[in-house]
Amino acid sequence: MNERMKKIIFVVNPISGTQSKELILSLLDEKIDKTRYTWEVVYTKRAGHAVQIAAKAAEEKADIVVAIGGDGTINEIARSLVHTDTALGIIPCGSGNGLARHLHIPLEPKKALDILNEGCLNVIDYGKINNTDFFCTCGVGFDAFVSLKFAHAGKRGLLTYLEKTLQESLKYQPETYELETENGVAKYKAFLIACGNASQYGNNAYIAPQATLTDGLLDVTILEPFTVLDVPSLAFQLFNKTIDQNSRIKTFRCKKLCIRRAAPGVVHFDGDPMETGTEVNIELIQRGLHVVVPYVEEKDPANVLQKAQEYVNGIKLMNEVIVDNITDKNKKIFKKLTKKG
């Protein structure tokens with residue numbers, strides 16, 4: 001008896017990222033195994049539309065819902081798939097692609113479609129911040145503030161994000177936070193507090209380099225106040241997966257975290273901003289989402305070279321944006337430090 005044909009729903013966000021979605025869609029007929037899958041393509045028409053599309057797909061027992069978009073699109077779809085039998089698939093084409101990168105899903109569409117054909121599933125954890133689901137990272141402080149600026153920037157991409165980061169970092173004022181976990185209460189003056197289910201924001205910027213998607217724990221990273229001279233080393237370590245070794249960084253793991261602050265403000269979840277009150281409650285939910293993943297992480301020379309080139313490009317771009325956005329007084333210092341990096 002033949003195996004039952006499986007149904008895939010491709011959900012396309014036409015405005016995410018910077019690459020053409022039509023080029024990806026043109027590959028479906030060539031790449032998808034027609035002996036195993038039938039499929040349908042649905043376009044999102046507004047913010048939140050992917051939540052509805054994915055919920056309907058899960059209700060109708062579709063096997064896989066594939067996000068063709070970035071982490072925001074993935075978040076909307078995944079929210080409707082948690083604790084269902086419908087799996088999340090990813091064709092990454094967003095600005096950061098944090099979850100795809102963590103899962104080692106190739107950024108090249110043909111290779112990402114090959115992953116779907118393999119049909120290997122894993123069950124990963126997810127988090128909640130004030131009852132809103134997230135799958136990569138969430139947090140308060142500077143990164144949440146930048147996510148709000150980025151959301152209103154009018155254009156996407158790594159360069160825009162770095163420009164907003166550097167423009168605001170030199171004038172942002174750290175806040176004092178009270179953090180409560182199952183292990184007790186502590187106070188920190190912090191530039192940002194990031195909670196990682198996955199290891200990175202996106203673009204290989206590893207804010208929680210030791211995080212995994214299956215350990216049932218949040219990886220919390222606290223960046224304490226720093227000076228302008230600390231920026232090159234922090235930037236270098238962020239892309240080098242060693243930021244947890246910086247003296248300005250404190251890290252710990254927990255299942256639940258309550259963050260209290262002096263005033264309401266913005267938080268972020270998977271890069272999207274959200275206004276909340278003075279108390280922010282974050283928790284980790286174990287094994288809640290089926291995801292289509294590679295059988296094994298690719299280790300071929302081309303893949304290694306691609307990752308190395310992405311890392312070098314990231315550092316180069318970060319250094320250029322740093323120099324462009326600091327004052328003339330500090331430019332000579334920065335150029336000397338970044339050359340050493």
Kindly compute the distance separating CG (Asn203) from CZ (Arg101), expressed to the nearest 0.5 Å.
5.0 Å
Approximate separation, where rounding is to 0.5 Å, of His290 NE2 and Asp85 CG:
6.0 Å
Taking every non-hydrogen atom, the tightest pair across Lys31 and Lys110:
CE-O, 3.7 Å
Sidechain-backbone polar pair: Glu40 side chain, Ile9 backbone, donor-acceptor under 3.5 Å
no
Testing the basics here: between Asn97 and Gly94, what is the closest heavy-atom pair and its distance to 0.1 Å?
OD1-N, 2.8 Å
Interatomic distance, Phe252 atom CZ to Thr181 atom OG1 [nearest 0.5 angstrom]:
6.0 Å
Minimum heavy-atom separation for Phe239 and Tyr206, please, with both atom names.
O-CD1, 4.4 Å
Do the side chains of Leu234 and Phe191 get nearer than 4.5 Å, heavy atoms only?
no
Derivation of the side chain to side chain contact (heavy atoms under 4.5 Å, CB included) call for Leu213 and Asn197
CA-CA 6 Å; Leu213 292 167; Asn197 180 41; 3.3 Å; yes
Is there a donor-acceptor contact under 3.5 Å from the side chain of Glu182 to the main chain of Lys255?
yes
Can Arg260 and Glu180 be counted as an ion pair, charged N to O under 4.0 angstrom?
yes
Taken to the nearest 0.5 Å, the spacing of Asp133 CG from Ser80 OG works out to 9.0 Å
Just wondering, are more than 12 heavy atoms of other shown residues or ligands nearer than 6.0 Å to CD in Gln52?
yes
Check: Ile243 main-chain N/O paired with Asn246 side-chain donor or acceptor under 3.5 Å:
no
When you compare the side chain of Phe10 with that of Leu116, does any pair of heavy atoms fall below 4.5 Å?
yes
Could you check whether any side-chain heavy atom of Val292 comes within less than 4.5 Å of a side-chain heavy atom of Glu118, counting everything from C-beta outward?
no
With no hydrogens and no angle check, is any side-chain donor or acceptor of Asp215 less than 3.5 Å from a backbone partner on Leu217?
yes
Of all heavy-atom pairs linking Pro106 and Pro92, the shortest is O-CG, 3.3 Å
What do you reckon, is NZ of Lys187 surrounded by more than 12 foreign heavy atoms closer than 6.0 Å?
no
Side chain Thr73, main chain Ala67, donor-acceptor under 3.5 Å:
no
Is it true that atom NZ of Lys241 has more than 12 heavy atoms of other residues, nucleotides or ligands lying nearer than 6.0 Å?
no
Hydrophobic cluster membership, with links at side-chain heavy-atom distances under 4.5 Å among I/L/V/M/F/W/Y: are Val82 and Ile74 in one?
yes
Using a 4.5 Å cut-off on heavy atoms from C-beta on, say whether the side chain of Ile285 contacts that of His83.
yes
According to a hydrophobic-cluster definition based on side-chain heavy atoms being under 4.5 Å apart (Ile, Leu, Val, Met, Phe, Trp, Tyr only), do Leu27 and Trp39 belong together?
yes
Heavy-atom pair of closest approach, residues Lys189 and Pro225
O-CD, 3.1 Å
Apply side chain to side chain contact (heavy atoms under 4.5 Å, CB included) to Leu25 and Tyr43, showing your working.
CA-CA 11 Å; Leu25 294 175; Tyr43 288 84; 3.0 Å; yes
If you take all heavy atoms of Phe134 and Lys128, which pair is closest and at what distance?
CE2-N, 3.4 Å
Between Tyr177 (side chain) and Val140 (backbone), is there a donor-acceptor pair under 3.5 Å?
no
Begin with the C-alpha distance, continue with both residues' side-chain angles, and end with the deciding distance and a verdict on side chain to side chain contact (heavy atoms under 4.5 Å, CB included) for Val12 and Val42.
CA-CA 6 Å; Val12 183; Val42 184; over 6 Å; no
Indicate, with yes or no, if Ile105 and Ile77 share a hydrophobic cluster defined by side-chain heavy-atom contacts under 4.5 Å among Ile, Leu, Val, Met, Phe, Trp and Tyr.
yes
Could you tell me the separation between the CG atom of Asn281 and the CG atom of Asn131, rounded to the nearest 0.5 Å?
8.0 Å
Sub-3.5 Å donor-acceptor pair from the side chain of Asp125 to the main-chain atoms of Arg287, do we have one?
yes
For residues Leu23 and Pro109, determine if any side-chain heavy atom of one lies less than 4.5 Å from a side-chain heavy atom of the other.
no
Decide whether Leu192 and Leu179 are clustered together by the hydrophobic rule: side chain heavy atoms of Ile, Leu, Val, Met, Phe, Trp, Tyr closer than 4.5 Å, transitively.
yes
Just by modelled atom types, is the Cys136 backbone N or O under 3.5 Å from a matching donor or acceptor in the Asp270 side chain?
yes
To the nearest 0.5 Å, what is the distance between OG1 (Thr86) and CD1 (Ile8)?
12.0 Å
Ignoring hydrogens and angles, tell me if any N or O in the side chain of Tyr188 forms a donor-acceptor pair with the backbone of Ile222 under 3.5 Å.
no
I'd like to know if the side chain of Asp272 reaches the main chain of Phe269, judged simply by a donor and an acceptor atom lying under 3.5 Å from each other, with no hydrogens or angles considered.
no
Within the structure provided, determine whether Asp219 and Asp244 are in side-chain contact (heavy-atom separation under 4.5 Å).
no
Whether the Thr35 and Asp33 side chains hold a donor-acceptor pair (N or O, under 3.5 Å, no angle test) is what I'd like checked.
yes
Verdict with supporting geometry, Asp63 and Arg4, salt bridge (Lys or Arg N to Asp or Glu O under 4.0 Å)
CA-CA 11 Å; Asp63 295 281; Arg4 178 184 70 87; 2.6 Å; yes
Side-chain touch Glu60/Lys7, heavy atoms, less than 4.5 angstrom:
no
Run the numbers on Thr137 and His268 for side chain to side chain contact (heavy atoms under 4.5 Å, CB included), then give the verdict.
CA-CA 8 Å; Thr137 62; His268 83 86; 3.5 Å; yes
Spell out, yes or no, whether Leu28 and Ile64 are grouped together once hydrophobic residues are joined by side-chain heavy atoms under 4.5 Å, including indirect joins.
yes
